[in-house]
Amino acid sequence: HDDVTWTALTYKSNKLCYGSTEVSKDSGSYALPAGNYYLSDSITIDGTIKTTGNVNLCLNGHSITVTADTDAIKVNSGTFTLTDCDGSKGTKKFTKNSTSGLWEPDSSGTITVTGGVITHASNKGGGGVEVSIGAAFTMYGGTLVGNSNQNGGGVYSMGTFDLYGGKIAGNRAGRNNSQGGGVFTGGTFHMYGGEITDNKADSGGGVYTDTGNATMSGGSITRNTAGKGGGVCVGLGGGFTMTNGTIGGSTTDDANTAGSGGGVCVTGGTFTMNGGKVAGNTATSGHGGGVDVYDGKFEMSGSAVISGNRAKLYGGGVNVGNDDDTYTSTSPAFNMKGGSITGNDVTYTGNDTEDHFGHGGGVYVNKNAKMLVLGTVQITDNWEKGTLNSDGAYVQGSGKANNLYLYSDDKNQKTVDIGGTDGLKQEARIGISTHIAPTTGKQIKIATNATKEQSYYANIFIPDAENSGYTIKKTNDALY
């Protein structure tokens, strides 16, 4: 605080003051003007703090607790910057509501949060921070915890939200098609660091991108829960680009969980992954343990890693597509131009051959989907009913290899397209499974646009356990 003048923000006798000046209150909201403020003690307020202009607030290890059904902070204009210069000061106790998943203040609770927090009193609802169109929120420290809203329990932003540090934890988006337990963005969201953890929503337990665009170059999104998209859900018109950081983690305690799309669910937008990890996530009842592309597009390249994820039905690492029989140019698509999908697993133990459950430990390409591969892609060491090792990856155990699984029925056989002028590099490795096994006199097509000689692709495409003993053959520009 040496380079600027900071003023204490206090709340006494039902009055919010900065220094000796009372903050004006209108319709349950406190209009905090531009300035630099810090908490000298924890405060409990009965309304929203609305900011205009550039407001910097240091929690200073203390807390803001709201005792009304309203948002804690609303950024009307300018930039609101949140810091916590003494994050080691003080602890707050919370208890996780077993039904809603919300962390509720409780002096005898078992969840401890250290440092400054913005929260709501028990049985009071409202978001942590709301950002209006044209406004901005920058977060360097503190914890947004125990807040709830229909969408965006921790942060609801139609403007710009930059996350550098701190935590967004234990928040809840409301019921009935709620979105973004931790963060909802219809604007621009940049995640450079920090943690988004243990939040809950129907879609996008950690983050939901609506018509907005999000980027992730650091930090972690862990332990969030949703019906679809435990960590992240990319909605229609939304975009999420990941260059670093982790969605999930290396242990089961870090896992994001959802019915489908344990780590990420794409329901109409685009998920671009150039780096970072989607690891250790679980689709508890459906498909896409790591990434579920129900609709929209998934672009994977560079050093991106999808590993240690598990799905109950199919697509332990990635599921592409759904059960819609109608194929159009906008149908679900997965373009894999680099990166690795290894050490994932699918667990189904029933006997449902019609719906092809229990396949695609690495990638499952459904009947209305398309997939492109090129470069040095790696889809190997994925399993059906594998065993989790101490490094957080699934290994064979008593299971069997099932890497890239191509859907087939009496109407069609899915294939992958080898893209680009250079196609697949010699270093690429793809384990391959087809539902209908090749027989004498009946070859099963697996790839198109194969422009090099047959022996070149025989080293790249490796038949999995269900197709073991078969060899890769080429006819014209197709592989069988």
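Values below: every heavy atom of this structure, side chains too, minus hydrogens, waters and symmetry copies.
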Salt bridge (charged side-chain N to carboxylate O under 4.0 Å, His left out) between Asp254 and Arg223, worked out: CA-CA 5 Å; Asp254 295 327; Arg223 295 193 294 275; 3.4 Å; yes
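Distance alone, capped at 3.5 Å, is enough to place a donor-acceptor pair between the Lys92 side chain and the Gly115 backbone. Looking at Asn149, its side chain never comes within 3.5 Å of a backbone N or O of Gly126 through a donor-acceptor pair.
A salt bridge links Lys337 with Glu299; the closest basic N to acidic carboxylate O contact falls under 4.0 Å.
Inspection of the Thr222 and Thr197 side chains reveals an N or O donor paired with an N or O acceptor under 3.5 Å. With no hydrogens or angles considered, a side-chain donor-acceptor pair links Asn382 and Asn403 at under 3.5 Å. Residues Asn213 and Thr188 have side chains that never bring a donor and an acceptor to within less than 3.5 angstrom of each other. Between the side chains of Ser408 and Lys414, no donor N or O sits under 3.5 Å from an acceptor N or O.
Listed by chain and number, the residues in a side chain to side chain contact (heavy atoms under 4.5 Å, CB included) with Ser433 are Asn402, Tyr405, Asp464, Asn467 (sequence neighbours excluded).
The OH atom of Tyr208 sits 7.0 Å away from the NZ atom of Lys228 when rounded to the nearest 0.5 Å. In this structure, Thr83 OG1 and Met139 CE are separated by 10.5 Å, a value rounded to the nearest 0.5 Å. Atom CG in Asn171 sits 11.0 Å away from atom OG in Ser100 (nearest 0.5 Å).
Screening Tyr164, Phe189, Phe80 for a ring pair (Phe, Tyr, Trp, His ring centres under 6.0 Å) involving Phe137 leaves a single residue, Phe80. When each of Thr225, Thr282, Asn224 is tested with Asn256 by the rule side-chain hydrogen bond (donor to acceptor under 3.5 Å, both in side chains), just one qualifies, namely Asn224.
Between Thr451 and Tyr457 the shortest side-chain heavy-atom distance falls below 4.5 Å.
Between Tyr314 and His287, the ring planes are parallel. Angles under 30° get that label, and only those over 60° would be called perpendicular. Ring pair Tyr407/Tyr364 is perpendicular by interplanar angle, where above 60° counts as perpendicular and below 30° as parallel.
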With a 3.5 Å cut-off and sequence neighbours excluded, list the donor-acceptor pairs that the side chains of residues 390-401 form with protein atoms.
from: Tyr394; atom 1: OH; to: Arg310; atom 2: NE; distance (Å): 3.4
from: Gln396; atom 1: NE2; to: Gly399; atom 2: O; distance (Å): 3.3

